[in-house]
Colleague: 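I'd like to ask some things about the structure below.
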Amino acid sequence: MSISYFLNNPRPLKIVELDENHKFILNETNLKSILFHRKARNKPVCVISIAGAFRKGKSFLLNFFIRFFRNGGRDGWLLNEHDLLKGFHWRGGSDRDTTGIFMWSEPFVLRTVLNEEVAILLMDTQGSFDSSSTIKDCASLFALSLMTSSMQIYNLSQNVQEDDLQNLHLFSDYGRLALESTSKTAFQSLIFLIRDWSYDYEHEYGFGGGEEFLTKRFNCNIDNNEIKETRNFIKKCFKDITCFLMPHPGLKASTNPYFDGKLVDIDPLFRVQVVNFVEGLFQEKMFQIKEINGGKVTATELFEYFKIYCLAFQDNRMPNPNSLLKATAEANNLAAKAMAKEFYNKQMESVIFKDRSFVNPEHIEKIHMDTKLKSIKFFESIKKMGGPETSRIYLKELIFELDELLAKYYAHNQMKKSTESLRTPFTLLALVFINYISAGFFNFIWMGFISFMFRIGFYVSLFGMIFWSYSKYTQQNSDALLLIDRICSFVWDNVNLF
Ligand SMILES: Nc1nc2c(ncn2[C@@H]2O[C@H](COP(=O)(O)OP(=O)(O)OP(=O)(O)O)[C@@H](O)[C@H]2O)c(=O)[nH]1
Ligand SMILES: [Mg+2]
């Protein structure tokens, strides 16, 4: 076999892999060889990708697409019972098989009803939730698949469980975040593919039964915001959502370790429905050409998008979805701490800022101790996620911050004391000055009586100031001093001289 035969021999090519630091590595050479292939170059593309949990027959299924295109989509493309199912690597067993993202090296060309040639690209992704990958790996791979494909098959086993929808919610949200897209329909077609469907007496196999089943799953009447939010989010994210119910492939195909993909060993019912599934996806109403911002994407453009998207996931700004629970717990505790602090501040301010006069520090300390205890109780009474360990960290912070606030309140009170001691002489001096100027002014404009009144005011405040200074210095006349202080405080507070 010549090298050129080997190089041209269609096969799955790894286009994205995750390194040991869980970073995406784009294999540009492999991707370029597909997207710049003569059959694809400059043609609009339709990217069919399959994603979902590991070990659920994803790679296996994609090989039917290869068979379909190899036979030019002609009737009877699955009739040769002794053919082996080949293409993307698949196998039995419990350990994961596909890692990273693979693309079939040979683009297939399909002519649309509008007589436009479209390059069909098949993409196989690493299964989610295997024991070697982090949630971030799974979310990033799923999101990258969503971002680059136009028809996303979401491969599920037996049913659509609530956690399947929640995972889809998380992964598509992650994809939207990387796209920096707030547009409603960030992605195109989503096809729920339910494998091993065993309730055909409720909803029959195929797209018809799938539609009924999906409508039922999406229209649940539970009055729960989270459940509704997940469904609304998924509906908004995708332009088109469909569902296909696929029968079991038979025990030989699913459990026999010597099963080598011979079609004769696969349950005929499965084979019939695989034909319906594959052919159904290329019907006019299902088929989607890859679009970005409303424009069709060509294979060469897709190459650039792949580069940009892979970089987006290397960006350190992308959050770690694994820490979502932690982040929620932190947010809960932070909010509880903020509320407890607000409660403390309100209580303390009602004492310290009640009026402008100095408050006895012992009284402040007493109020602080009382309020601190109440704030701690308040913090503890608020329901928080993350358990007692997380809560303890934030409680410690709260106590520290409340003590810091006390120091601020002390300082504020002290400031009041200093301004208070200056308040009387400042007020008296200001009165002397104002009365003197006003008396001069009214005298100048021939308003003798008013000038006379201000002159009296001048002498009274001058006398008051001398008397106050003398009494302060000699520490006598404490009653008279108190009276002058009160009058000055009244003037200070109400006339706002300063
Ligand atoms: N029960 C069941 N088994 C299937 C189905 N389709 C394929 N299989 C079997 O599932 C096993 C795994 O197939 P793969 O295609 O390698 O699975 P995968 O989802 O690609 O697995 P990973 O690459 O590890 O994520 C094989 O033994 C298949 O024969 C199906 O519809 N139902
Ligand atoms: Mg696989």
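What you are looking at is a predicted structure, and each value in this text was computed from that prediction instead of being measured. As the structure lists them, so they are numbered: ligands from 1, and atoms in each ligand from 1. Numbers here simply count residues along the sequence, with the first being 1.
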Colleague: With heavy-atom distances below 4.0 Å as the criterion, list the atoms of ligand 1 near Ser59.
Modeller: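 Every atom of ligand 1 under 4.0 Å from some heavy atom of Ser59: 15 (O), 20 (O).
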Colleague: Any idea which atoms of ligand 1 are less than 4.0 Å away from a heavy-atom of Asp196?
Modeller: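 It comes down to these atoms of ligand 1: 1 (N), 2 (C), 30 (C), 31 (O), 32 (N).
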Colleague: Using only heavy-atom distances, determine whether the side chains of Thr125 and Ser145 contain a donor-acceptor pair under 3.5 Å.
Modeller: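 Side chains of Thr125 and Ser145: no pair found under 3.5 Å.
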Colleague: Calculate the angle formed at the Mg ion (ligand 2) by OG in Ser59 and OG1 in Thr98; 10° precision is enough.
Modeller: 100°
Colleague: Quick one: does Arg55 get an N or O within less than 3.5 Å of an N or O on ligand 1?
Modeller: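 By distance alone, the answer is yes.
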Colleague: Classify the contact between Lys58 and ligand 1 as side chain, backbone, both or neither, using a heavy-atom distance cut-off of under 4.0 Å.
Modeller: both
Colleague: Under 2.8 Å from the Mg ion (ligand 2), is there an N/O/S atom belonging to Gln126?
Modeller: no
Colleague: Students often mix this up, so state it plainly: with edges at 30° and 60°, are the rings of Tyr344 and Tyr409 parallel, tilted or perpendicular?
Modeller: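 Rings of Tyr344 and Tyr409: tilted, as their planes differ by 30° to 60°.
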Colleague: Can an N or O of Gly57 be found at a distance shorter than 3.5 Å from an N or O of ligand 1?
Modeller: yes
Colleague: How far is atom 6 (N) of ligand 1 from the closest protein heavy atom, and which atom is that?
Modeller: Arg195 NH2, 2.9 Å
Colleague: Ligand 1 versus Phe259, non-hydrogen atoms closer than 4.0 Å: side chain, backbone, both, neither?
Modeller: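 For Phe259, the contact with ligand 1 is made by the side chain alone.
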Colleague: Provide the number and element of each atom of ligand 1 under 4.0 Å from a heavy atom of Lys56.
Modeller: 17 (O), 18 (P), 19 (O)
Colleague: Just jot down the ligand 1 atoms closer than 4.0 angstrom to any heavy atom of Ser254, in number order.
Modeller: 1 (N), 2 (C), 3 (N)
Colleague: Arg195 and side chain to side chain contact (heavy atoms under 4.5 Å, CB included): which single residue from Leu156, Asn155, Asn159, Leu245 fits?
Modeller: Asn155
Colleague: Could you establish whether Phe88 and ligand 1 come within less than 4.0 Å of each other, counting only heavy atoms on the residue side?
Modeller: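 Checking ligand 1 against Phe88, which is what was asked, there is no heavy-atom contact under 4.0 Å.
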Colleague: Which of these passes side chain to side chain donor-acceptor pair (under 3.5 Å) with Glu116: Lys296, Arg111, Lys43?
Modeller: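 So, applying the side chain to side chain donor-acceptor pair (under 3.5 Å) to Glu116 and each of Lys296, Arg111, Lys43, only Lys296 qualifies.
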Colleague: Just which atoms of ligand 1 are under 4.0 Å from any heavy atom in Arg96?
Modeller: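 It comes down to these atoms of ligand 1: 24 (O).
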Colleague: Under a plain distance cut-off of 3.5 Å, with no hydrogens placed, do Gln273 and Asn276 share a side-chain donor-acceptor pair?
Modeller: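 Short answer, yes.
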Colleague: Quick check on contacts: which atoms of ligand 1 are under 4.0 angstrom from a heavy atom of Arg91?
Modeller: 11 (C), 12 (C), 13 (O), 16 (O), 26 (C), 27 (O)
Colleague: Would you say Asp124 and ligand 1 have an N/O pair spaced under 3.5 Å apart?
Modeller: no
Colleague: For Ser149, does its backbone N or O pair with a side-chain atom of Lys290 as donor and acceptor, under 3.5 Å?
Modeller: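 Yes: the side chain of Lys290 pairs with the backbone of Ser149.
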Colleague: Would you call Lys372-Asp403 a salt bridge at under 4.0 Å N-O?
Modeller: yes
Colleague: So if I count the atoms of ligand 1 from 1 in the order they appear, which ones are less than 4.0 Å from some heavy atom of Gly127?
Modeller: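 So the answer, numbered in order with elements, is 25 (O).
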Colleague: With under 30° as parallel and over 60° as perpendicular, where do the rings of Phe270 and Phe60 fit, or are they tilted in between?
Modeller: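 Ring orientation of Phe270 relative to Phe60: tilted.
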Colleague: With a heavy-atom distance limit of 4.0 Å, tell me whether His248 approaches ligand 1 through its side chain, its backbone, both, or neither.
Modeller: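 The answer is the side chain of His248.
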Colleague: Before signing off on this row, confirm whether Phe60 and ligand 1 have an N or O atom pair separated by under 3.5 Å.
Modeller: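 In this structure, Phe60 places an N or O atom under 3.5 Å from an N or O of ligand 1.
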Colleague: At their closest point, which heavy atom of Glu291 faces which heavy atom of Lys239, and how far apart are they?
Modeller: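 Closest approach of Glu291 to Lys239: OE1-NZ, 3.5 Å.
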Colleague: Please work out which of the three classes, parallel, tilted or perpendicular, describes the rings of Phe65 and Phe277, given edges at 30° and 60°.
Modeller: perpendicular
Colleague: Classify the angle between the aromatic ring planes of Phe68 and Trp77 as parallel (below 30°), tilted (30 to 60°) or perpendicular (above 60°).
Modeller: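 Rings of Phe68 and Trp77: perpendicular, as their planes differ by over 60°.
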Colleague: Could you name the option among Pro257, Gly92, Pro247, Pro249 that has the heavy atom nearest to atom 27 (O) of ligand 1?
Modeller: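 Answer by nearest heavy atom: Gly92.
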Colleague: Please verify the inter-ring angle class for Phe207 with Phe244; under 30° counts as parallel, over 60° as perpendicular, anything in between as tilted.
Modeller: perpendicular
Colleague: Give the ring-plane orientation class for Trp104 versus Phe88, where under 30° counts as parallel, over 60° as perpendicular and anything between as tilted.
Modeller: tilted
Colleague: Using a strict 4.0 Å cut-off to heavy atoms of Ala253, name the atoms of ligand 1 that fall inside it.
Modeller: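 So the answer, numbered in order with elements, is 9 (C), 27 (O), 28 (C), 29 (O).
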Colleague: Please state which protein non-hydrogen atom is closest to atom 24 (O) of ligand 1 and give its distance, to 0.1 Å?
Modeller: Asp97 N, 2.7 Å
Colleague: Using a 4.0 Å heavy-atom cut-off, which part of Thr98 comes near ligand 1: side chain, backbone, both, or neither?
Modeller: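 The answer is both.
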